[in-house]
2 protein chains.
Amino acid sequence: MPTLSEVARHAGVTPATVSNVLRNRGRVGEATRQRVLEAVDALGYRPHLAARALAEGRAPTLALMVSSIANPFYPEFALAVERAARTSGHFVIICNTNEDPVTGRAYLDQIAGTLSEGVLVTNANLELADLHVTESRGTPVVLCMWERPDDPPGLPCVAVDFRLAGELAGKHLLELGHRRIGAIVGSKASGVHATRYEGFVDALRAAGVRRNRVRHAADTIHGGYTAARALLEADPQLTAIFATNDLPALGAMHAAADLGLAVPGDLSVVGITDIQLARESRPALTTVAVPTVEVAGLAVSLLRELIESSYGQNARGKTKVPMRVSSAPQLVVRASSGTPRSR
Amino acid sequence: MPTLSEVARHAGVTPATVSNVLRNRGRVGEATRQRVLEAVDALGYRPHLAARALAEGRAPTLALMVSSIANPFYPEFALAVERAARTSGHFVIICNTNEDPVTGRAYLDQIAGTLSEGVLVTNANLELADLHVTESRGTPVVLCMWERPDDPPGLPCVAVDFRLAGELAGKHLLELGHRRIGAIVGSKASGVHATRYEGFVDALRAAGVRRNRVRHAADTIHGGYTAARALLEADPQLTAIFATNDLPALGAMHAAADLGLAVPGDLSVVGITDIQLARESRPALTTVAVPTVEVAGLAVSLLRELIESSYGQNARGKTKVPMRVSSAPQLVVRASSGTPRSR
DNA sequence: TTGAAAGCGCTAACAC
DNA sequence: GTGTTAGCGCTTTCAA
């Protein structure tokens, strides 16, 4: 691979000039500019990103921490993040923690600040403490899907009103006339879905519905399947199931199928997120859509701001911890929910 | 972030010694070794990956080119690649080409050789010519899912016998008694699925079945859905549909559902790959499994070898272009295929 | 066993 | 406008 100096020699100028041409810095004569450009593609020169990073004191990538890329939500989100990141010339390194805090920390330790100049975190089972460490070492961190706009995490974040999401799901079911509704709450361990469930319960309570069955489940189709069967076994009179995420909701539909229950005839199902699969399931899933692309955009631009200001003189400005709030989740009614019929 | 020299100063030695300790190179006295190690974690030192890359003349990442991370096969594959890559200390940068050769080339130009020391390519709609260019510039490239073990692409690759996969699918359907079988062939543009279809046709031919309907489709659920409807409309007597990939197969099942056809009672459906969703659909999809994890492992280790030897003195050894062949695809019978019943 | 010195490819002051 | 000079943080001969 040709280097800057080789290009310079070829063009009969110094490396500095080539650098200036390539990044439109400093004044360069039109003639030399041409000569340099010719040399560049005569030699097929491409800048060495690692060298540039070292010289600039910054890195060309952003790290995206995800708990499991096998969960289809994350690829969707990652795609949106990548698109946003490319607009500022950043590459994205996707770091799979596999729900393991140790792996997560290892990634942070190795990448943050040396390969990546910023870190985006989804529900990656990372300890907030670890994130604070990276941040205190100078690498900005943004939490991407904070669930409670009203309860900041102490780190920069993009929040989504997930309580509202749960509430909308609950209201929808109530309006259809459901009263015996089961709930599947995901991600028990980290407790991230608690807020969604709260919103749901609030809706029921407001409608005077007091009792409802709950089951925790892994955030997978299978988890939802198992939970739904348990729910339906405990109370065969259930006419609807609400899940705090789409994957378990999809699992609930499978459970219904296996039990010979028609959806939505015998059982309505509602999820949260609106992943691609929700549109593609049969019947298509009614869900509360989260503005994924918007969140990705907000997260990247917030991270970018933090990065820029971290290089600025006011790096120790230590103002308030910023938070962006996405637009509100929205109910998307599809075919999996309907009026209850007695069985 | 503390640097090597700061650690050195702190430990009362020179940078060279610290480096030696950290990488177990050269002889270092046990006493100093201890002192260095203490200094390292007293200061929370972490090596600067970009600096190291520059000094070593190699990069810490591998690039994985994929056409669309939204297609659930790729995250699964990426996960396996990432796991394999971590064993050699590599990070993985996932490069989404979005089926666009220009984007693909842009990624290659920027990353290959400067951020990544090797490139893994799945069906990313990249021109082979572009790949040859990167390779000729010194960055090893491995094609990950070559479809024809008997017809090498001229680049290092991991091949899977996809002709056999198609054949197995065809045979399975024939053995169940199907004779009127429709086929959905994906990725028309790149023609990558032609081999799979050939295998399928060979199976039919061997059984004396001459005619069969075909439809091309995008490699998505929706693509399969549309194609299946067209197929079924053209020939309502079809008792089975074979798709060259799981996603379109899933789409075919949806089409059946919408047309009021029971799967597998009225229509059997078979795919190829065995992605996670194949197990999770209702009914679960019969498919020919491709050894994804194995392929990822083979690809990464082949790439690693190429990288090592590219740094060796025999870099211009120019022996034969290596190819690895994965173990054979295997039929996985699930619930979407069964004996045809007349309608 | 440890230190000194050069250099990886690039950028950024500053001088000419 | 263009060249000179350091130097980013690390590795790696080669001396001591």
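The sequence lines fix the lettering, A, B, ..., with proteins before strands; numbering per chain opens at 1.
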Review point. Phosphate oxygens OP1/OP2 of dT11(D): is one of them under 4.0 Å from a side-chain N or O of Ser19(B)?
Key: yes

Check your understanding: So, is Arg52(A) close to the dG9(C) phosphate, meaning a side-chain N or O under 4.0 Å from OP1 or OP2?
Key -> no

Please classify the nucleic acid contact of [X] as base, sugar-phosphate, or nothing, using heavy-atom distances under 4.0 Å.
| X | answer |
| --- | --- |
| Gly57(A) | nothing |
| Thr3(B) | sugar-phosphate |
| Thr32(A) | sugar-phosphate |
| Arg27(B) | base |

What's the closest nucleotide to the [X] side chain, out of [options]?
| X | options | value |
| --- | --- | --- |
| Leu4(A) | dT11(C), dT4(D), dG9(D) | dT11(C) |
| Pro15(B) | dG3(C), dT11(D), dG9(D) | dT11(D) |
| Pro47(A) | dA13(C), dC10(D), dC10(C) | dC10(C) |
| Glu56(A) | dA12(C), dC10(C), dT1(C) | dA12(C) |
| Thr17(A) | dT11(D), dG3(D), dG9(C) | dG3(D) |
| Ala51(B) | dA4(C), dG1(D), dC10(D) | dC10(D) |
| Ala55(B) | dG3(D), dT11(C), dC10(D) | dC10(D) |
| Arg23(A) | dG9(C), dC10(D), dA12(C) | dA12(C) |
| His48(A) | dG9(C), dT2(D), dC10(D) | dG9(C) |

Interatomic distance where [atom1] belongs to [X] and [atom2] belongs to [N] [whole Å]:
| X | N | atom1 | atom2 | result |
| --- | --- | --- | --- | --- |
| Leu54(A) | dC8(D) | CG | C1' | 4 Å |
| Glu30(A) | dG1(D) | CD | C1' | 12 Å |
| Leu49(B) | dC10(D) | CG | C1' | 11 Å |
| Glu117(B) | dC8(C) | CD | C1' | 15 Å |
| Arg25(B) | dT2(C) | CZ | P | 17 Å |
| Arg33(B) | dT2(C) | CZ | P | 11 Å |
| Leu22(A) | dG9(C) | CG | P | 16 Å |
| Arg58(B) | dG9(C) | CZ | C1' | 18 Å |

Have [X] and [Y] got a donor and an acceptor in their side chains that come within less than 3.5 Å?
| X | Y | value |
| --- | --- | --- |
| Glu117(A) | His90(A) | yes |
| Ser68(B) | Glu99(B) | no |
| Ser116(B) | Thr61(B) | yes |
| Glu38(B) | Gln34(B) | no |

Review point. So Asn98(A) and Arg83(B), side-chain hydrogen bond (donor to acceptor under 3.5 Å, both in side chains) or not? Walk me through it.
Key: CA-CA 10 Å; Asn98(A) 292 310; Arg83(B) 293 222 168 108; 3.2 Å; yes

Point to revise | Evaluation steps, side-chain hydrogen bond (donor to acceptor under 3.5 Å, both in side chains), between Arg33(B) and Asn24(B) | key: CA-CA 10 Å; Arg33(B) 159 182 220 74; Asn24(B) 292 311; 3.0 Å; yes

